[in-house]
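Right, one structure below, let's go through it.
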Amino acid sequence: MLKILGKAASINVRKVLWTCSELDIPFEREDWGAGFQSPSQASFLALNPNAMVPVIVDGDFVLWESNAICRYLCAGSTEQHLLPATPRARALVEQWMDWQATELNNAWRYAFMALVRGSPAHRDPEQIAASTSNWHRHIGILERQLATTGAFVTGAQFSLADVGLGLSVNRWLLTPMERPHYPAVLDYVERLGERSGFRTFGANGEP
């Protein structure tokens with residue numbers, strides 16, 4: 001059985017868990033990360049030298065990086081709805097996946113560490129304000145895309161891109177700060193709420 005290493009509160013672990021839910025893949029999960037077993041242990045570093053979760057162990061195969069894991073799970077499934085086979089449709093899904101993991105995540109990092117985690121290293125008001133503003137700007141990019149598609153990020157069909165972005169929007173909504181009103185994003189969350197994977201691993205009270 002697929003083994004997932006990482007604590008359930010981690011947004012990147014939840015990305016893998018939600019993907020498993022969509023594909024009906026059974027798994028076992030072990031708690032690793034802050035508050036649990038340390039990824040800095042030698043046994044974990046042998047699997048991922050970056051000391052980061054998630055990691056999957058699928059028989060004798062080990063893989064890290066959440067987007068790579070999600071793509072791997074899709075490739076091994078008979079289900080094709082999350083990651084299309086045609087090059088252009090797949091490229092659009094992967095474009096938004098990579099945007100979420102790089103541009104969007106980097107925008108919220110300082111503000112999230114300050115406002116949600118209460119990190120002593122993230123107390124600079126100017127940097128909090130700058131990160132918050134940048135976070136809103138990036139969600140605004142998603143707002144315009146969703147207003148265009150009227151459904152999910154790449155069009156009428158839910159895809160793997162919506163897994164990461166759904167978790168990111170949930171984090172944006174649960175962070176204690178003032179937010180612009182983005183109606184297409186709010187409608188998007190309502191649509192995601194129809195999916196059991198989002199209810200379990202996304203809108204579950206964890207930012």
[X] side chain near [Y] side chain, heavy-atom distance below 4.5 Å:
X: W135; Y: L104; result: yes
X: V16; Y: N12; result: no
X: S21; Y: T200; result: no
X: M52; Y: P39; result: no
X: Q157; Y: H81; result: no
X: D58; Y: L63; result: no
X: H122; Y: Q127; result: no
X: I128; Y: L115; result: yes

I'd like to know if E30 pairs up with K3 as an ion pair, taking the criterion as any Lys NZ or Arg NE/NH1/NH2 lying under 4.0 Å from an Asp or Glu carboxylate oxygen.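 Yes.
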Could you tell me whether R71 and E94 make a salt bridge, using a distance below 4.0 angstrom between a side-chain N and a carboxylate O?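 Salt bridge present between R71 and E94.
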Using atom types as modelled and distance alone, determine if a side-chain donor or acceptor of [X] lies under 3.5 Å from a backbone N or O of [Y].
X: T175; Y: M177; result: no
X: N106; Y: E103; result: no
X: S131; Y: A107; result: yes
X: R123; Y: A114; result: no
X: S77; Y: E79; result: yes

[atom1] of [X] to [atom2] of [Y]: how many Å apart, nearest 0.5 Å?
X: K7; Y: R14; atom1: NZ; atom2: CZ; result: 11.0 Å
X: L17; Y: S66; atom1: CG; atom2: OG; result: 11.0 Å
X: M97; Y: R90; atom1: CE; atom2: CZ; result: 8.5 Å
X: E143; Y: T148; atom1: CD; atom2: OG1; result: 9.5 Å
X: K15; Y: L160; atom1: NZ; atom2: CG; result: 8.5 Å
X: T154; Y: F152; atom1: OG1; atom2: CZ; result: 9.5 Å

same_hphob_cluster([X], [Y]) at 4.5 Å side-chain heavy-atom cutoff:
X: V55; Y: F61; value: yes
X: V62; Y: L5; value: yes
X: L92; Y: L82; value: no
X: L186; Y: I141; value: yes

For [X] and [Y], work out which heavy atoms get closest and say how close.
X: G202; Y: N170; result: O-ND2, 3.1 Å
X: V163; Y: T19; result: CG1-OG1, 4.0 Å
X: L45; Y: A51; result: CD2-CB, 3.6 Å
X: F201; Y: L167; result: O-CD2, 3.3 Å
X: V116; Y: P207; result: CG1-CG, 3.8 Å
X: T86; Y: A89; result: OG1-CB, 3.2 Å

For L165, run the side chain to side chain contact (heavy atoms under 4.5 Å, CB included) check against L192, I139, L142 and tell me which one passes.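 With L165 as partner, L192, I139, L142 yield a single side chain to side chain contact (heavy atoms under 4.5 Å, CB included), made by L142.
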Take atom CD in Q37; do more than 12 heavy atoms of anything else shown fall under 6.0 Å from it?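 Yes, the 6.0 Å shell around CD holds more than 12 heavy atoms from other groups.
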W32 vs F36, test: ring-ring contact (aromatic ring centres under 6.0 Å, His included). Steps then yes/no. CA-CA 5 Å; W32 289 84; F36 298 97; over 10 Å; no
Evaluation steps, side-chain contact (heavy atoms from CB on, under 4.5 Å), between I69 and I4: CA-CA 10 Å; I69 292 170; I4 301 172; over 6 Å; no
If we count only N and O atoms by modelled type, under 3.5 Å, do the side chains of [X] and [Y] hold a donor and an acceptor together?
X: W18; Y: E22; value: yes
X: H136; Y: W172; value: yes
X: Y110; Y: D124; value: no

Centre-to-centre under 6.0 Å for Y188 and Y182, is that the case here?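 Judged by ring-centre distance (under 6.0 Å), Y188 and Y182 do not meet the cut-off.
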Go through W108 and N134 one step at a time and tell me if the side-chain contact (heavy atoms from CB on, under 4.5 Å) criterion holds. CA-CA 7 Å; W108 57 249; N134 199 23; over 6 Å; no
Criterion side-chain contact (heavy atoms from CB on, under 4.5 Å) on L146 and V185, from CA distance to verdict: CA-CA 7 Å; L146 292 170; V185 168; 4.2 Å; yes
Taking the six-membered ring of F158, is the NZ or CZ of R195 close enough (under 6.0 Å from the centre) and on axis enough (within 45°)?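 So R195 does make the cation-pi contact.
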Evaluate V93 against L83 for side-chain contact (heavy atoms from CB on, under 4.5 Å), listing each step before the verdict. CA-CA 7 Å; V93 171; L83 194 57; 3.8 Å; yes
